[in-house]
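Every heavy atom of this structure was used, including side-chain atoms; hydrogens, water molecules and symmetry mates were not.
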Amino acid sequence: ALDSLQSRLRLVTTYVMAVKLLILAAVAVVALARPVKQQLTPRAYEPLPLPNVIPQGWLLKQLELQADGLGGHLSQFWNDVMNSSWIGGDGDTGLHERTPYWLNGMVPLVYLLQNANSSLVSPRPPQRPLEVSCQDGIDMMYHDIIAFNTASLDTCAQACQNTQSCVAFVIDNCTQPATCWLKNAIGATNNASCRCFGINPVPPQPEGLLHQVDRYMNYVLSHQAPSGWLGPDDLTNGDQYWGRFDMLLAMAAYAEANPTKADNISQSMLRFMNETARRMVTTPLSDWSAARGMDFALSIQWLLKNAPQGQEEMLGRLLDLVRRQSSDWETWFKDFTIPSNQTAGANMAHGVNNAQALKSAAVWYLQDADPRLIESSKERLRNMDDFYGMASGMFCADEILCEANQRKMPSRGTELCSVVESMFSYNTMFSVHGGVEFADRSERIAFNALPATWASPHGGDMWAHQYLQALNEISAESTDTHIWTHDGADAELYGLAPNYGCCTANFGQGWPKYVRMMIFRSTDNGAAIGAFGPVAAQVYKDVFVNMTTLYPYEDTITITVIANRSLPFYLRVPAWATTATITVNGQAQAATSGIMNSLTVSEGTTTILLDLKPTIRLEHWFSEDSITVHRGALMYSMPITGNFTTLVTYSFDSKDYQVTPQTEWRYSLVVNWSDPASSFTFHNPGLDPNNLVAFNHTNWGSYITAKARVTPSWQIESNSAAAPPASPACAEGATTCGDEEAVVLVPYGGTDLRISELPWA
């Protein structure tokens, strides 16, 4: 009887599922058939085509550091890109997201460098090979690429030289034929008889950046399926779409940078969208695809605007269908509870999904201009700060949004993927709505959270990143006991791919997309400055804009506009710049903080000088009993001297490191609360003109001196700094603190270990 009942239940369940699928299909068909708006609402400020933007100064140096680091080398030794399923290999399986992630950053990086005539775009000359040798009696386990029989040491070493990702080898020299193991990393070695360990005598030869991008893009385009599908096609559920979203954004950027290929690329995108529209009728977006549908919508909108090919109606209907099948983020961001209509609810608490979804209302606004979506964008910024916000501009989410009792804990982590996705989201929100609060936030993240997740013994390079960063980070070790709750033991190590490899692939979009979205076109044929830094742009054929500055290590920005006509000009003044001044050709203009200031530029050459006049300010994030120190866009932290230990060595300069603290960190700041800023002294030596590394870990471009007292009551919890003690932490009778001593606070982005949120004495 029980078996019979179970059989009937299975039949009923199958019937219910079939009815649900039929309903979904019917809804999708109706959505595709209903009339939809085909014209997009104009953005407040339109980003410029990729070839029109020229990075300069320290921003160019930052892009070169990325290209000279992991970003420019992953395709040559990291399996998920080097042997990607997108180019016929066996890497990047599952969601097939890592190569699209990589290209989404690599394409704008390469062409921005090409715009600036950077020498890194072309291959560098080969290095001289070293003599073949190995250490007898030494073995190294793990990190195997392949094992095979060989005749001699020389043939084993030659095989390593001929294998792109091979950095070392081990040979069994007691047997004939000998066994040779090729290794893609150098880890811990051990004594062992019959073993000889050697390092690849030929340094790996870097492939030119432009050649890398062309090679991958040409393969993807030439291997498009007859149906129109792009890339691997081995998923049958609603997650099959997500891995393509970033590939489409990379294709759009590639088309902008290559006018002669643009038609072929846009036709390929359209064929894919036709096939996707067909599939979505019976297999709707789900899970990751549903959570990140707004990224798909961006590529549809790009095609509608730039190359609709007479398919406006189809693209409009697909855009409408994507919106209907995407997660309901507009409801979620009201109070972070799962909407009742949501089937993919578990993914709504995922940190990176939230970072990408911050822009959903802005993306949908382009579709229907619903004014409620403007308020929704503003509301989610406020609510994210209120619930989970942190002083770096990010939010607390080590994989999943932090638990209620620790949702602003400064020792809890923020994922690198969330950092770069939040930057792009806030810049998109600024571009669409024009609100300065979004540009302010993107800048805060770019100048603090993004560089703070990189460190190495060399300082400000981009070879080793963390999966998670924390405001208060007293060590970066792999420990079984850790304060974060959703990621592995190595999530705070610096290296190639700690914890998960998604951030290794995805970090690359951060700086290039930020640089690209600094100077804009306005809807009235004018120009707008949304972010500050050394960059130039051809805004129109008859309008050229050049920004000269060392900002954020300089308070003034000089903007030169060369125009063959007069035009409106919009200049962002950050909310914190309450005493800023603006002059146009030496004449003072009204300056209001927190808005885009409207100016008029005359025909000819116009010089605009913006002096931001920032002051030191203290902010409360974790609680009213702790403070963070800021000046302008930069947050300043107390650096902890770290001892770097190399754990694993890969190709090129890629290594995994742990970092342990060497100096005291338990400090409370001495603050005169009748005049808080008077407790701090700002120093501005500026950047080294011969080495424009903005986020070096020594010789900082600016720093702040203050007084502080060691506070022994500040404890360690789960191998991290416990919550800052209640302030005043050194109140008479409350605890025993050390004497006042001078301390230095440095840019948060220029630290590897630090304390950023402190009590006061």
Hits for side-chain hydrogen bond (donor to acceptor under 3.5 Å, both in side chains) against Thr628, two or more places apart or cross-chain, chain-then-number order -> His630

Quick one: does Leu416's side chain get under 4.5 Å of Asn506's, heavy atoms only? no

Check against ring pair (Phe, Tyr, Trp, His ring centres under 6.0 Å), Phe507 and Trp454
CA-CA 11 Å; Phe507 79 82; Trp454 295 87; 4.7 Å; yes

Residues pairing under ring-ring contact (aromatic ring centres under 6.0 Å, His included) where one sits in residues 577-611, two or more places apart or in two chains, turn out to be none

Hey, mind stepping through Glu46 and Lys305 against side-chain contact (heavy atoms from CB on, under 4.5 Å) and telling me if it holds? CA-CA 12 Å; Glu46 184 69 32; Lys305 183 176 184 298; 3.6 Å; yes

Ring-plane angle category for Tyr636 and Phe682, please: parallel below 30°, perpendicular beyond 60°, tilted otherwise. perpendicular

Is there a donor-acceptor contact under 3.5 Å from the side chain of Arg521 to the main chain of Val539? yes

Residue pairs passing the salt bridge (charged side-chain N to carboxylate O under 4.0 Å, His left out) test with at least one member in residues 669-692, sequence neighbours excluded, are none

Hey, does the side chain of Asn448 reach the backbone of Gly749 with a donor-acceptor pair shorter than 3.5 angstrom? no

Could you please spell out the steps behind the side-chain hydrogen bond (donor to acceptor under 3.5 Å, both in side chains) verdict for Ser376 and Glu330? CA-CA 7 Å; Ser376 179; Glu330 283 59 59; 4.7 Å; no

Hey, mind stepping through Leu358 and Trp329 against side-chain contact (heavy atoms from CB on, under 4.5 Å) and telling me if it holds?
CA-CA 8 Å; Leu358 286 166; Trp329 292 104; over 6 Å; no

For the side chain of Glu379 and the backbone of Phe333, is there at least one donor-acceptor N/O pair under 3.5 Å apart? no

Taking every heavy atom of Asn672 against every heavy atom of Ser678, the minimum-distance pair comes out as ND2-OG, 3.6 Å

For this session: Ignoring hydrogens and angles, tell me if any N or O in the side chain of Asn684 forms a donor-acceptor pair with the backbone of Tyr553 under 3.5 Å.
Result: yes

* Does the side chain of Ser679 reach to within under 4.5 Å of the side chain of Leu669, using non-hydrogen atoms? -> no

By salt bridge (charged side-chain N to carboxylate O under 4.0 Å, His left out), Asp625 pairs with (sequence neighbours left out) none

Residue pairs meeting side chain to side chain donor-acceptor pair (under 3.5 Å), one or both in residues 436-445, sequence neighbours left out, come to Asp385-Arg441, Asn427-Ser442, Asp440-Arg572, Glu443-Tyr551, Glu443-Arg572, Arg444-Glu619

Residues at least two apart in sequence or cross-chain that pass side-chain hydrogen bond (donor to acceptor under 3.5 Å, both in side chains) with Ser756, listed by chain then number, are Ser637

Please test Phe680 against Leu618 for side-chain contact (heavy atoms from CB on, under 4.5 Å), starting from the C-alpha separation and ending with a verdict. CA-CA 10 Å; Phe680 304 89; Leu618 306 182; 3.8 Å; yes

For residues 53-65, the side chain to side chain donor-acceptor pair (under 3.5 Å) pairs (sequence neighbours left out) are Gln56-Asn546, Glu64-Ser118

- Would you confirm whether Arg754, through its side chain, and Ala470, through its main-chain N or O, come within 3.5 Å as a donor-acceptor pair? yes

Asn472 side chain vs Pro410 backbone, donor-acceptor pair below 3.5 Å:
no

Exercise. Could you verify whether a donor N or O on one side chain and an acceptor N or O on the other, from Gln301 and Gln367, lie under 3.5 Å apart?
Key: no

Taking every heavy atom of Thr583 against every heavy atom of Ala588, the minimum-distance pair comes out as CG2-CA, 4.1 Å

Q) Does Gly459 offer a backbone N or O that forms a donor-acceptor pair with the side chain of Asn696 under 3.5 Å? A) no

With sequence neighbours left out, the residues meeting side-chain hydrogen bond (donor to acceptor under 3.5 Å, both in side chains) with Ser522 are Asp524

The complete set of ring-ring contact (aromatic ring centres under 6.0 Å, His included) pairs with one or both residues in residues 371-397, sequence neighbours excluded, reads Phe336-Phe387, Phe336-Tyr388

Do Asn258 and Tyr111 have side chains that approach each other closer than 4.5 Å (heavy atoms only, starting at C-beta)? yes

CE (Met429) and OG (Ser431) are apart, to the nearest 0.5 Å, by 12.0 Å

(Q) With heavy-atom distances below 4.5 Å as the criterion, would you say the side chains of Met390 and Lys408 are in contact? (A) no

So that I can tick it off, tell me whether Arg382 and Glu375 are bridged by a salt bridge, with the cut-off set at under 4.0 angstrom between side-chain N and carboxylate O. yes

request  = Please confirm whether the backbone N or O of Leu50 pairs with a side-chain atom of Asn115, one donor and one acceptor, at under 3.5 Å?
outcome  = yes

Beyond-backbone contact of Leu298 with Leu249, side-chain heavy atoms, under 4.5 angstrom | yes

Is there side-chain contact between Val436 and Met596, with at least one heavy-atom pair below 4.5 Å?
yes

Mind checking whether Ser598 and Pro568 have side chains closer than 4.5 Å, heavy atoms only? no

Would you find a donor on one side and an acceptor on the other, under 3.5 Å apart, between the side chain of Arg292 and the backbone of Val352?
no

Check your understanding: Short question: side chain of Ser727, backbone of Pro759 - any donor-acceptor pair under 3.5 Å?
Key -> no

In short, salt bridge (charged side-chain N to carboxylate O under 4.0 Å, His left out) pairs touching residues 539-563 with sequence neighbours left out are Asp542-Arg565, Asp555-Arg631

The side-chain hydrogen bond (donor to acceptor under 3.5 Å, both in side chains) partners of Trp302 (sequence neighbours excluded) come to Glu256

Heavy-atom distance under 4.5 Å between the side chains of Phe520 and Arg43, does that happen here? no

- Could you go through the side-chain contact (heavy atoms from CB on, under 4.5 Å) check for Gln589 and Leu571 one step at a time? CA-CA 11 Å; Gln589 305 288 316; Leu571 182 59; over 6 Å; no

One should read off an interatomic distance between Gln469 CD and Ser418 OG, to the nearest 0.5 angstrom, of 10.0 Å

When rounded to the nearest 0.5 Å, the distance separating CD1 of Ile557 from CD1 of Ile582 is 10.0 Å

Contacts satisfying salt bridge (charged side-chain N to carboxylate O under 4.0 Å, His left out) that involve residues 588-614 (not counting sequence neighbours) are Asp611-Lys613

Heavy-atom nearest pair, Ile616 first then Ala677, reads O-CB, 3.9 Å

Closest heavy-atom pair, Ala297 versus Leu319, reported as atoms and distance to 0.1 Å, is CB-CD1, 3.6 Å

Ring pair (Phe, Tyr, Trp, His ring centres under 6.0 Å) with His433: of Tyr365, Tyr426, Tyr45, only one passes, and it is Tyr365

Note: Ala580 and Leu610 closest approach over all heavy atoms is CB-CD1, 4.4 Å

All heavy atoms of Leu612 vs all of Ala577, minimum pair found to be O-CB, 3.7 Å

